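Report on one structure; see the data block that follows.
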There are 2 protein chains.
Amino acid sequence: MKISKTEENYLKAIFSITEKDTPSASTNAISHKMQTSAASVTDMVKRLAKKKLVIHESHKGVHLTKSGNQIATMLVRRHRLWEVFLVEKLNFLWDEVHEIAEELEHIKSDELMERLDNFLGNPKFDPHGDPIPDAEGIFATRQQVVLSELEEGENGLVVGVQESSTPFLKYLNQLGLGLGSEVKVLEKYDYDNSAKILLNKKNEIVITGKVCQNLFLQKK
Amino acid sequence: MKISKTEENYLKAIFSITEKDTPSASTNAISHKMQTSAASVTDMVKRLAKKKLVIHESHKGVHLTKSGNQIATMLVRRHRLWEVFLVEKLNFLWDEVHEIAEELEHIKSDELMERLDNFLGNPKFDPHGDPIPDAEGIFATRQQVVLSELEEGENGLVVGVQESSTPFLKYLNQLGLGLGSEVKVLEKYDYDNSAKILLNKKNEIVITGKVCQNLFLQKK
DNA sequence: TAATAAATTTAGACTAATCTAAAAATTTTT
DNA sequence: AAAAATTTTTAGATTAGTCTAAATTTATTA
């Protein structure tokens with residue numbers, strides 16, 4: 001069965017919507033994520049349902065079938081492996097790789113991904129700290145908390161970001177924060193959720209509540 | 001101006017047809033190369049002409065304009081750079097990489113190709129010995145002859161293949177012949193154009209006329 | 001619970017890329 | 001140069017993916 005690039009992108013969108021809290025993705029949510037009209041979504045959802053990649057109850061949203069989920073997971077795997085390649089081997093910055101990986105992920109060759117995985121040393125997390133599913137679709141897990149959950153005096157290692165928008169990543173670069181940064185919480189200011197932290201045992205900086213809620217740390 | 005993957009593939013086909021002897025590509029030649037109907041070619045050629053990528057005189061074939069040629073050249077550059085990556089870094093065999101490179105070549109990012117080029121050490125020839133145009137579209141040249149042009153007693157280094165079909169490349173692998181093989185012509189048999197050669201100063205083997213005509217050597 | 005607002009689907013149309021079958025043009029052969 | 005063969009184009013249809021506008025369904029609110 002042939003699956004087009006567009007169909008793949010819809011599967012990925014449905015995957016990312018249903019991944020979180022919501023068990024099914026609404027037409028609107030999908031159209032928003034895909035930057036397209038609701039009518040187009042209805043058309044496409046019907047096509048995907050005919051191919052048994054999603055289950056769709058009229059006016060009740062869609063969710064992925066097993067095979068739909070499998071395809072979406074492999075797209076995530078490819079995307080994240082290519083991001084590792086772009087950052088580690090071609091020296092792109094972590095905020096520059098998304099669009100290119102978005103293209104590369106559609107190249108369907110298991111052999112290619114197998115070899116790329118080995119070439120990169122079988123990484124378990126991508127440059128944003130997101131887990132890379134293995135060839136069977138299993139995601140690695142890691143004990144992680146958001147920065148705002150740390151108490152004063154606690155230490156942590158930055159292992160990921162909640163949000164991976166370019167402005168946010170650029171801002172982190174400016175602050176000197178990145179994957180692998182060491183953080184110690186010095187003070188927490190409850191009234192606006194900001195915090196003063198010690199970065200890499202050297203600089204004291206103050207970061208806003210928004211940043212605190214978007215950074216994943218591994219406690220140390 | 002947006003150019004689709006399909007349009008790009010037509011440009012590449014026209015490029016490869018007009019590269020050789022013929023100054024213009026016929027509808028039939030294109031349809032044969034693209035494995036499609038002549039009617040589709042006519043349609044597509046009209047589209048490409050409207051975009052000023054080709055020049056088309058009815059019943060007299062097409063040829064690329066300057067901008068059409070530029071796009072085709074960049075496709076060749078991307079294709080060949082990715083082939084180097086697949087063979088040198090991911091350890092694919094040189095006869096396994098064509099289809100994957102065929103996909104990778106459509107990813108349009110100058111930044112990506114610049115970085116890949118550097119990562120690979122700015123190679124001038126791909127794993128089949130074909131020249132890789134630089135970012136300005138200039139092809140490297142090399143003093144090369146086909147094996148059948150060598151006289152008895154002459155030495156050469158295998159630097160390329162005329163034909164890059166999978167069966168031919170597989171056959172070369174079987175013979176132990178590849179890029180970089182050293183060859184000395186021991187005897188030439190005029191009646192069927194076959195030859196006995198000394199391979200890598202070790203093995204004497206006899207190769208057919210067909211192989212002799214498809215191997216490019218650099219004289220030594 | 002009826003009215004209003006929001007979400008979703010249907011209807012109908014458009015573009016790009018493709019096809020088959022038939023017509024027209026060109027080239028080759030006799 | 002006329003007939004035959006080949007090549008190319010036209011005509012009309014098809015599929016995937018998209019759109020806008022209108023109709024319908026569901027959810028919210030007064």
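Sequence lines set the chain letters: A, B, ... in the order given, protein chains first and strands last, and positions in each chain run from 1. Keep in mind the model is a prediction, meaning the values are calculated, not measured.
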Does [X] have a side-chain nitrogen or oxygen under 4.0 Å from the phosphate oxygens OP1 or OP2 of [N]?
X     : N      : result
A:K46 : C:dT10 : yes
B:T6  : C:dA16 : no
B:N28 : D:dT6  : no
A:Y10 : D:dT18 : yes
B:S40 : C:dC19 : yes
B:H56 : D:dT9  : yes

To the nearest Å, how far apart are [X] [atom1] and [N] [atom2]?
X     : N      : atom1 : atom2 : answer
B:K2  : D:dT18 : NZ    : P     : 12 Å
B:R47 : C:dT18 : CZ    : C1'   : 9 Å
B:M1  : C:dA16 : CE    : C1'   : 16 Å
B:N9  : C:dA16 : CG    : C1'   : 15 Å
B:E7  : C:dT15 : CD    : C1'   : 12 Å
B:D43 : D:dA13 : CG    : C1'   : 12 Å
A:K60 : D:dT24 : NZ    : P     : 21 Å
A:L53 : D:dA16 : CG    : P     : 14 Å

Inset, instruction - Tell me which nucleotide among C:dT8, D:dA16, D:dT10 gets nearest to the side chain of A:T27. - result: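 For the A:T27 side chain, the nearest candidate turns out to be C:dT8.
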Legend entry - First of A:K5 and A:A39 reached from the 5' end of DNA chain D, by closest nucleotide: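 Here A:K5 is the residue nearer the 5' end.
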Inset, instruction - Could you check A:N9, A:L81, A:V76 and say which one makes a side-chain contact (heavy atoms from CB on, under 4.5 Å) with A:E105? - result: A:N9
Legend entry - A:D117/A:N122 under side chain to side chain contact (heavy atoms under 4.5 Å, CB included): CA gap, chis, key distance, verdict: CA-CA 5 Å; A:D117 194 18; A:N122 310 105; 3.4 Å; yes
Legend entry - Test item: side-chain donor near acceptor, A:S16 and A:K33, under 3.5 Å: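 Per modelled atom types, A:S16 and A:K33 side chains form a pair under 3.5 Å.
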Legend entry - Within-4.5 Å side-chain heavy-atom neighbours: B:I30 and B:V62: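 Answer yes - side chains close enough.
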Inset, instruction - Scan B:S37 against the nucleic acid and name what it touches under 4.0 Å (heavy atoms): base, sugar-phosphate only, or nothing. - result: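 Base: the residue B:S37, judged by heavy atoms under 4.0 Å, touches a nucleobase.
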Legend entry - First of B:H59 and B:T36 reached from the 5' end of DNA chain C, by closest nucleotide: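 Mapping each residue to its closest nucleotide by heavy atoms, the 5'-most match is B:T36.
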Legend entry - Residue mapping more 5' on DNA chain C - nearest nucleotide basis, B:A38 or B:M44: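 It is B:M44 whose nearest nucleotide is closer to the 5' end.
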Inset, instruction - Run the salt-bridge test on A:D134 and A:R77 with the 4.0 Å N-O cut-off and return the result as yes or no. - result: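 Salt bridge between A:D134 and A:R77, a charged N being under 4.0 Å from a carboxylate O: no.
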